[in-house]
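Worksheet for the structure shown next.
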Number of protein chains: 2
Amino acid sequence: MEKFLALTEEKKMTILNAALQCFGKFGYEKASVNDIAVAAHISKASMFQYFGSKKQLYIYLLEYCKKVIEEIFEKAHLDSKTDLFDRILASSRMEMESFQNQPFTLQFITSVWEETSPEVADALVILTEEACSFRNDMVLREEDALKFKNPEDARPVFQMLLLMGEGYAARYRGANAFDFETVMDDFEKNIAILRKNFYKEEYLK
Amino acid sequence: MEKFLALTEEKKMTILNAALQCFGKFGYEKASVNDIAVAAHISKASMFQYFGSKKQLYIYLLEYCKKVIEEIFEKAHLDSKTDLFDRILASSRMEMESFQNQPFTLQFITSVWEETSPEVADALVILTEEACSFRNDMVLREEDALKFKNPEDARPVFQMLLLMGEGYAARYRGANAFDFETVMDDFEKNIAILRKNFYKEEYLK
DNA sequence: ACACCAATAACCGATTCGGTCAAGTAATTA
DNA sequence: TAATTACTTGACCGAATCGGTTATTGGTGT
């Protein structure tokens, strides 16, 4: 594994992205080490030189993604935001940015949730626990509902926004390129529209 | 192919679902005929007895899905609905119902959009054209916007609902069972909330 | 007892699998 | 420059799997 870490940052990223993409697309069993090597433009032998085995590579990717998720956590610092829509917007922006910088991480993480291969079943626990606690931190708070014309609308609107987020993710999953700013603007405008129509007049700054 | 058509309806569906699921999950190249045979609880030899070759099986599935989509078209008869939300609700209900009855069809169709295998590239044109014209029929009409407090909100709200639909699809993709009525109720409530907050008073029946 | 037929176990050559290794090449050291 | 070291990879391994074929099986009707 030290062999891999000693590579240039660019080469490491090329290999990581190739592996994330292949595992994300095919799943553990159907993704072959050769697939990944070809996508990374290196020899299959080097892959084994760097990671030892297919399983060790997969585990490395799991831990790598764990780090990425933790970074998203930190940078979003949701605690400071008092408004529901601001919190949703901030966390979405962080998610989208990291998705932009590391296009295959999200695809890989999504695939992990559907992974059923017994060979890596033991290793899967690592990621799933982390990911769950993410949403708990930005969960709807009691005071959020008070800003709504109909406070009982707060929860459904929150759920709708989560749903839209999954919609965006599905729409751009596997797309090799997309305009980050356009999508983010789109989402921001949608949030503004919802806010304008659901909030009491007094909370429309 | 006549061999396959002569089977009991139940056995045919078991085989179709197995094939849709495997191709949907793995893509054309990575899904093996053996995977499908095992999932369908029949021998691999029978698969070739029924369909001749892997490619012919895939093409059969494409045409089968085309039929399913056409049925959804017919049953929804969107022309009769004058209200935007009613049209969205009706088409979503149809989509969800057929998703419920034939759980792997949607997964397969989704995968077709990402299919890159050259071996079936020629056959893929069949489905993609059909699917595109689907949304054109329920596209936002001019008169829909007039019901909104802010007519310029109509288009974004329509886009948001499409996005939510993709979100639902992504959330339940690959789930082997889910409560159809619960999900549909959820969506229906969301639509009611949007309607109440976005429509002018006079259009709230 | 026979003929018929759908289903499959066993098999085909070819390819690919995860993984190894020795030869080649570039970079370092002396 | 010669020797040494570190890195990369083409060629290779046995085993498994690939798409596809064939010979045998067990069941059914007569």
Side-chain angles (χ1 to χ4, degrees), chain A residues 1-16 18-23 25-62 115-123, chain B residues 1-62 115-123:
Chain A
M1 199 81 70
E2 322 80 41
K3 300 282 180 69
F4 173 73
L5 296 174
L7 297 173
T8 67
E9 208 62 28
E10 188 190 350
K11 195 163 185 180
K12 275 193 285 188
M13 284 315 299
T14 306
I15 296 171
L16 278 184
L20 291 168
Q21 183 179 29
C22 287
F23 280 127
K25 205 167 156 189
F26 301 133
Y28 180 78
E29 302 222 313
K30 296 285 183 178
S32 75
V33 178
N34 192 52
D35 287 336
I36 298 168
V38 168
H41 309 110
I42 62 171
S43 69
K44 188 178 66 161
S46 286
M47 289 299 300
F48 284 96
Q49 193 65 239
Y50 296 152
F51 298 100
S53 76
K54 185 182 179 180
K55 182 173 179 179
Q56 281 176 276
L57 163 60
Y58 193 80
I59 291 176
Y60 181 83
L61 292 177
L62 286 176
E115 187 57 64
T116 57
S117 167
E119 200 173 336
V120 290
D122 52 342
Chain B
M1 198 83 69
E2 321 79 44
K3 301 280 182 66
F4 172 73
L5 296 173
L7 298 172
T8 68
E9 208 63 29
E10 188 190 349
K11 195 164 186 181
K12 275 194 285 187
M13 284 315 300
T14 305
I15 295 170
L16 279 185
N17 279 332
L20 291 169
Q21 183 179 31
C22 287
F23 280 128
K25 205 166 154 191
F26 302 131
Y28 180 76
E29 303 222 315
K30 296 284 184 179
S32 75
V33 178
N34 192 54
D35 287 336
I36 298 168
V38 168
H41 308 111
I42 63 171
S43 71
K44 188 178 65 159
S46 288
M47 289 299 300
F48 285 95
Q49 193 66 238
Y50 297 151
F51 297 101
S53 73
K54 184 182 179 180
K55 182 173 178 177
Q56 279 175 276
L57 164 60
Y58 193 80
I59 291 175
Y60 181 84
L61 292 177
L62 285 176
E115 188 56 65
T116 57
S117 167
E119 200 171 336
V120 291
D122 53 339

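All heavy atoms count here, side chains included; hydrogens, waters and symmetry mates do not. Computed from a prediction, not measured in an experiment: that's the story for all the values here. Order of the sequence lines sets the chain letters (A, B, ...), proteins ahead of strands, with each chain counted from 1.
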Using whole Å, report how far [atom1] of [X] lies from [atom2] of [N].
{"X": "A:Glu119", "N": "D:dA16", "atom1": "CD", "atom2": "P", "answer": "13 Å"}
{"X": "B:Lys55", "N": "D:dG20", "atom1": "NZ", "atom2": "C1'", "answer": "16 Å"}
{"X": "A:Glu29", "N": "D:dA16", "atom1": "CD", "atom2": "C1'", "answer": "13 Å"}
{"X": "B:Gln56", "N": "D:dT21", "atom1": "CD", "atom2": "P", "answer": "10 Å"}
{"X": "A:Lys3", "N": "D:dA6", "atom1": "NZ", "atom2": "C1'", "answer": "8 Å"}
{"X": "A:Lys30", "N": "C:dG18", "atom1": "NZ", "atom2": "P", "answer": "12 Å"}
{"X": "B:Asn34", "N": "D:dT21", "atom1": "CG", "atom2": "P", "answer": "16 Å"}
{"X": "B:Phe26", "N": "D:dC18", "atom1": "CZ", "atom2": "P", "answer": "10 Å"}

So do [Y] and [X] actually touch side chain to side chain, heavy atoms under 4.5 Å?
{"X": "B:Asp122", "Y": "B:Lys55", "result": "yes"}
{"X": "B:Met47", "Y": "B:Ile15", "result": "yes"}
{"X": "A:Leu16", "Y": "A:Met13", "result": "yes"}
{"X": "A:Tyr50", "Y": "A:Gln56", "result": "no"}

Heavy atom of residues 35-51 of chain A under 4.0 Å from DNA chain C: which residues?
->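 Here the set is A:Lys44, A:Ala45, A:Phe48.
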With a 4.0 Å cut-off on heavy atoms, is [X] in touch with a base, just the backbone sugar-phosphate, or nothing at all?
{"X": "B:Lys11", "result": "sugar-phosphate"}
{"X": "B:Leu7", "result": "sugar-phosphate"}
{"X": "B:Ala31", "result": "sugar-phosphate"}

Exceeds 12 heavy-atom contacts within 6.0 angstrom, atom NZ of A:Lys3 =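 No, the 6.0 Å shell around NZ holds no more than 12 heavy atoms from other groups.
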Please report the closest heavy-atom contact between A:Cys22 and A:Ala31, naming both atoms and the distance.
-> O-CB, 3.7 Å
Below 4.0 Å: OP1/OP2 of D:dG19 and any side-chain N or O of B:Ser53 |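 Checking B:Ser53 against D:dG19: no side-chain N or O falls below 4.0 Å of OP1 or OP2.
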Between D:dG19, C:dG18, C:dA6, spot the one nearest the side chain of A:Val33, thanks.
->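 Nucleotide nearest to A:Val33's side chain: C:dG18.
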Does B:Phe26 offer a backbone N or O that forms a donor-acceptor pair with the side chain of A:Lys30 under 3.5 Å?
->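 Checked: no pair found.
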